[in-house]
Amino acid sequence: MKEEFSLSWLVQNWPMWDDIYIKNIWLNTESRDIVRILEDMDTNVDIEENYIDIEQNIDKFHCMPNRDSINIDKAIQKFMSYCNEEDKAELSEVLESDRPYENFRDAVYDLGLDNKFNEFKDRVSAAILYNWANDESINVDVDMKMIDLDKEEF
C-alpha cells in the first residue's frame, strides 16, 4: 500500500492562490519532493532541461492542479456568504474596481478578515487537492475541513 499524504501537508505545499510565478507543481509521491515549474518555462524542452528529475521519474511524479483549478469569482462569493452584512457591503464595493481581486485582498486585510480568509482559502485548497488526489489514486489522510465550491462543506 502506498504511503498516505496528509491533506494539510498538500495544502501547505500548494501556493497557487498567491504565487503568480508558478506555472505547475509536480509531486513525487515516492520521495515527497515538490518541483515548482515557473511561468518563464515556456516549452517542454525548457522543463526537461531544467527539471530532469521529472523526466527521469515520470511514473513517480504527479502534476498538481494549477491556478486554473481555483474559481476565484466563485470563491469570493462563497467567502462573502460567511461575512456579516457590513463586511459584505464593503467587499462588494471593491469588487467593482479596476483590480477586483487585488483590492478584495486588501479590503479583507483592512477589515481584519485576513485570518478568516486564509482559513477559507486553505479549506477550498483542501477540497481541490482531495479531489485531485482521488483522481490520481493518491492516498490522503483527511486531517482538515474542506470547502468544495461546487458543494457544501464536508
* Counting heavy atoms not belonging to Tyr101, are there more than 12 under 6.0 Å from its OH? -> yes

Find the distance between [atom1] ([X]) and [atom2] ([Y]) and round it off to the nearest 0.5 Å.
| X | Y | atom1 | atom2 | value |
| --- | --- | --- | --- | --- |
| Gln12 | Ile34 | CD | CD1 | 10.0 Å |
| Phe120 | Ser81 | CZ | OG | 7.0 Å |
| Leu10 | Ile128 | CG | CD1 | 12.5 Å |
| Met144 | Ser125 | CE | OG | 7.5 Å |
| Leu129 | Asn134 | CG | CG | 11.0 Å |
| Glu93 | Phe104 | CD | CZ | 13.5 Å |

**Item:** CA sep, side-chain torsions, deciding dist, call: Leu95, Gln77, side-chain contact (heavy atoms from CB on, under 4.5 Å)
**Value:** CA-CA 10 Å; Leu95 289 175; Gln77 293 306 314; 3.9 Å; yes

What I'd like to find out is whether the side chain of [X] reaches to under 4.5 Å of the side chain of [Y], using heavy atoms alone.
| X | Y | answer |
| --- | --- | --- |
| Leu113 | Leu91 | yes |
| Arg36 | Pro15 | yes |
| Met146 | Leu7 | yes |
| Trp132 | Leu27 | yes |
| Glu86 | Leu111 | no |
| Lys23 | Asn66 | no |
| Val35 | Asn28 | no |

Which heavy atom of [X] sits nearest a heavy atom of [Y], and at what distance?
| X | Y | answer |
| --- | --- | --- |
| Pro65 | Trp14 | O-NE1, 2.8 Å |
| Ser92 | Met80 | OG-CE, 3.0 Å |
| Glu4 | Arg32 | O-NH2, 2.5 Å |
| Arg123 | Lys145 | CG-O, 3.3 Å |

inquiry  = Exactly one of Ile25, Asn13, Asn24, Ile22 should register a side chain to side chain contact (heavy atoms under 4.5 Å, CB included) with Met64. Which one does?
reply    =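 The residue from Ile25, Asn13, Asn24, Ile22 that satisfies side chain to side chain contact (heavy atoms under 4.5 Å, CB included) with Met64 turns out to be Ile25.
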
Residues Asp33 and Lys60 bridged, charged N to O under 4.0 Å: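 No, this pair does not count.
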
Should the pair Arg105-Glu102 be classified as a salt bridge under the 4.0 Å nitrogen-to-oxygen rule?
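Answer for the salt bridge query: no.
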
Is there a donor-acceptor pair under 3.5 Å between the side chain of [X] and the backbone N or O of [Y]?
| X | Y | answer |
| --- | --- | --- |
| Trp17 | Asp122 | no |
| Asn103 | Val94 | no |
| Lys116 | Tyr82 | yes |

For the residue pair Trp9 and Phe5, does the interplanar ring angle fall in the parallel (under 30°), tilted (30 to 60°) or perpendicular (over 60°) class? tilted

Worksheet item: Side-chain heavy atoms under 4.5 angstrom apart, residues restricted to Ile, Leu, Val, Met, Phe, Trp, Tyr: same cluster for Tyr109 and Phe79?
Response: no

